[in-house]
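Here the structure is laid out as structure tokens; the discussion comes afterwards.
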Amino acid sequence: MSRIVYLNGEYMPEEEAKISIFDRGFVMGDAVYEVTSVLGGKILEFEGHMTRLERSMRELEMTCALTREEWLAIHHELVARNNIDEGLVYLQVSRGNAGDRDFHYPPEGTPPTVVLYTQAKPNLANDPKAEVGIKVISLPDLRWHRRDIKTVQLLYPSMAKMAAEAAGKNDAWFVEDGAVTEGSSNNVYIVKGNKIITRQLSTDILHGITRASLLTYAAEAQMEIEERPFTIAEAQEADEAFFTSASAFVMPVVEVDGVAVADGKVGRVAKRLREIYLEESLKRAV
Ligand code: PDD
């Protein structure tokens with residue numbers, strides 16, 4: 001099935017979208033990205049994703065002339081043209097075609113490469129995995145140390161997902177200095193007593209858009225939140241565990257490194273937070 005994609009100001013069939021072999025994203029991983037979810041044909045958390053995109057570009061001294069209105073119009077156009085009811089919009093901005101391989105940034109005025117495309121995911125909201133929970137393994141966090149910038153340097157997360165699958169599990173949690181940082185492509189949480197525990201924001205983790213909203217909704221629902229690092233042992237002894245991301249919302253985790261979390265079943269808090277998150281973010285979808 002051929003999609004209509006967006007490349008540098010134009011809409012075209014995916015087979016026609018071509019970028020240079022000298023593109024900084026391809027040669028240097030010099031690109032930032034966002035993944036935004038679509039439910040009922042509407043975009044969730046648009047402002048949050050745009051704020052983080054602008055921040056990622058600012059941190060890397062990257063520029064792009066598109067305004068938020070233009071970004072939103074592109075999202076809407078792609079969703080409409082590809083008839084997306086449930087799915088994702090992938091957006092990537094690279095530092096553009098440098099004309100040759102060079103460690104220096106290309107001269108000012110070099111246009112960025114801007115790519116957006118949709119991914120249809122028919123069961124995004126009613127994901128059967130959310131009914132049974134997923135199983136994770138832990139791995140040392142070998143990623144670079146500016147994980148707060150959403151760059152496309154995804155080789156290690158990709159290796160981690162392959163290692164988890166090879167171990168017969170669904171995902172991996174990264175560990176650094178004895179504490180969990182985050183999942184391979186998500187933010188992670190445990191529940192102990194009436195407390196939701198999740199690592200505090202820093203350059204060690206990506207500042208999840210889903211995380212920010214979830215913590216707001218949890219606080220509104222009178223749930224107690226503690227932002228601090230936790231260990232794999234704590235996760236294994238917790239009442240519940242879960243992760244959040246734009247591509248999975250709130251996903252229960254029922255096993256960590258072969259040890260069942262509580263009774264190994266999806267917990268009440270994760271289930272409720274998934275419902276609240278979907279309900280609240282759909283209300284605000286654009
Ligand atoms: N990943 N941490 C990492 C390392 C991530 O890659 C992601 C998202 C998150 C959650 O952020 P958000 O709630 O804004 O989606 C945390 C996206 C979904 C991906 O790479 O496909």
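For ligands, and for the atoms within them, numbers begin at 1 and follow the listed sequence. Nothing fancy with the numbering, it's 1 onward along the sequence.
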For this session: Evaluate the ring planes of Y11 and Y6, with Trp represented by its six-membered ring, and classify them as parallel (under 30°), tilted (30 to 60°) or perpendicular (over 60°).
Result: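 Y11 and Y6: perpendicular rings.
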
Ignoring hydrogens, just give me the one of [options] whose non-hydrogen atom is nearest [atom].
atom	options	answer
atom 4 (C) of ligand 1	E34, E45, Q119, R143	R143
atom 18 (C) of ligand 1	S184, A248, A212, S247	S247
atom 12 (P) of ligand 1	L206, I205, V188, I209	I209

Exercise. Would I276 and L214 show up in the same hydrophobic cluster when neighbours are defined by side-chain heavy atoms closer than 4.5 Å?
Worked result: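 The answer is yes; both residues are in one hydrophobic cluster.
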
Distance-only N or O hit between ligand 1 and [X], under 3.5 Å:
X	value
Y33	yes
G183	no
H207	no

Exercise. Ligand 1 versus R52, non-hydrogen atoms closer than 4.0 Å: side chain, backbone, both, neither?
Worked result: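 Only the side chain of R52 comes within reach of ligand 1.
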
For this session: Just let me know how N186 lines up against ligand 1, side chain, backbone, both or neither, with a heavy-atom cut-off below 4.0 Å.
Result: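 Looking at N186 and ligand 1, just backbone atoms fall under 4.0 Å.
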
Donor on one side chain, acceptor on other, [X] and [Y], under 3.5 Å:
X	Y	result
D257	S138	yes
S184	K161	yes
T210	E45	no

For this session: State the atoms of ligand 1, each with its element, that fall below the 4.0 Å cut-off from a heavy-atom position in E182.
Result: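 Result: 2 (N), 3 (C), 4 (C), 16 (C).
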
Problem set entry | Stepwise side chain to side chain donor-acceptor pair (under 3.5 Å) check, T151 with Q153 | CA-CA 6 Å; T151 80; Q153 298 170 84; 3.0 Å; yes

Exercise. So is Y90 close enough to ligand 1, meaning a heavy atom under 4.0 angstrom away?
Worked result: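 Y90: no contact with ligand 1 (<4.0 Å).
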
For this session: Report the residue from T67, V286, L66 that forms a side chain to side chain contact (heavy atoms under 4.5 Å, CB included) with L72.
Result: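 Passing option: V286.
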
Exercise. Among protein heavy atoms, which sits nearest to atom 13 (O) of ligand 1, and what does the distance come to when rounded to 0.1 Å?
Worked result: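 Nearest protein contact, heavy atoms only, for atom 13 (O) of ligand 1 is T210 OG1, 2.5 Å.
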
Problem set entry | Distance (rounded to the nearest 0.5 Å) between R143 CZ and E176 CD |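 So the CZ of R143 and the CD of E176 are separated by 8.5 Å.
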
